[in-house]
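Whatever order the structure lists them in is the order used to number ligands and atoms, beginning at 1. Predicted model, so just to flag it, every value in this text is computed and none were measured.
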Amino acid sequence: MINADQKKLLTNFRKEETDILTELSSFAQKDSRVDGGFIVPYPNEGTGLDENAREIEEFERLNALKNNLAKRLRDVRATITRIEAGLYGQCVNCFSSIEHTRLRVAPVARLCISCAKLNPREA
Ligand SMILES: [Zn+2]
């Protein structure tokens with residue numbers, strides 16, 4: 001059962017998924033070897049020392065941005081799947097309900113507060 005709040009969340013998450021994909025495709029290419037993966041092409045501004053330094057800097061900046069967006073995309077997609085399956089708001093670890101206050105702050109949360117404390121890297 002999907003309630004009205006979840007329907008609204010689903011609409012918002014689908015829009016965010018489209019926005020992230022648009023932003024990613026503006027500077028990165030899809031990585032066909034990894035599902036949902038993206039590659040930042042190495043910039044080529046020239047062969048001078050200054051240009052090479054700028055290329056490395058730019059490449060690192062875009063890679064960091066790409067990693068953040070790709071992680072958010074994974075979270076958003078996983079949340080869409082959980083809403084559609086009627087499992088939204090249920091902790092994936094202990095299956096109890098995730099606290100409403102936590103979901104309000106972090107709508108993509110997969111773990112309840114106590115499980116998140118035990119698995120800080122998973123949360
Ligand atoms: Zn839990």
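Residue pairs meeting the ring-ring contact (aromatic ring centres under 6.0 Å, His included) criterion with at least one partner in residues 40-64, sequence neighbours excluded, are Tyr42-Phe59. Pairs of residues two or more places apart, or lying in two chains, never qualify as ring-ring contact (aromatic ring centres under 6.0 Å, His included) while including a residue from residues 7-28.
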Hey, can you pull the donor-acceptor pairs under 3.5 Å for the side chains in residues 87-98, sequence neighbours left out?
| residue | atom | partner | partner atom | Å |
| --- | --- | --- | --- | --- |
| Tyr88 | OH | Pro107 | O | 2.7 |

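Less than 2.8 Å away from the Zn ion (ligand 1), the protein contributes these N/O/S atoms: Cys91 SG, Cys94 SG, Cys112 SG, Cys115 SG.
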**OP:** Decide salt bridge (Lys or Arg N to Asp or Glu O under 4.0 Å) for Arg14 and Glu17; before the verdict, give the C-alpha distance in whole Å, the side-chain angles of both, and the deciding distance to 0.1 Å.
**Re:** CA-CA 5 Å; Arg14 288 209 176 109; Glu17 182 186 21; 5.8 Å; no
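Between Arg72 and Glu16 there is a salt bridge, with a side-chain nitrogen of the basic residue lying less than 4.0 Å from a carboxylate oxygen of the acidic one.
Contact of the Phe38 side chain with the Leu69 side chain is not registered, since no non-hydrogen atoms from C-beta on lie closer than 4.5 Å.
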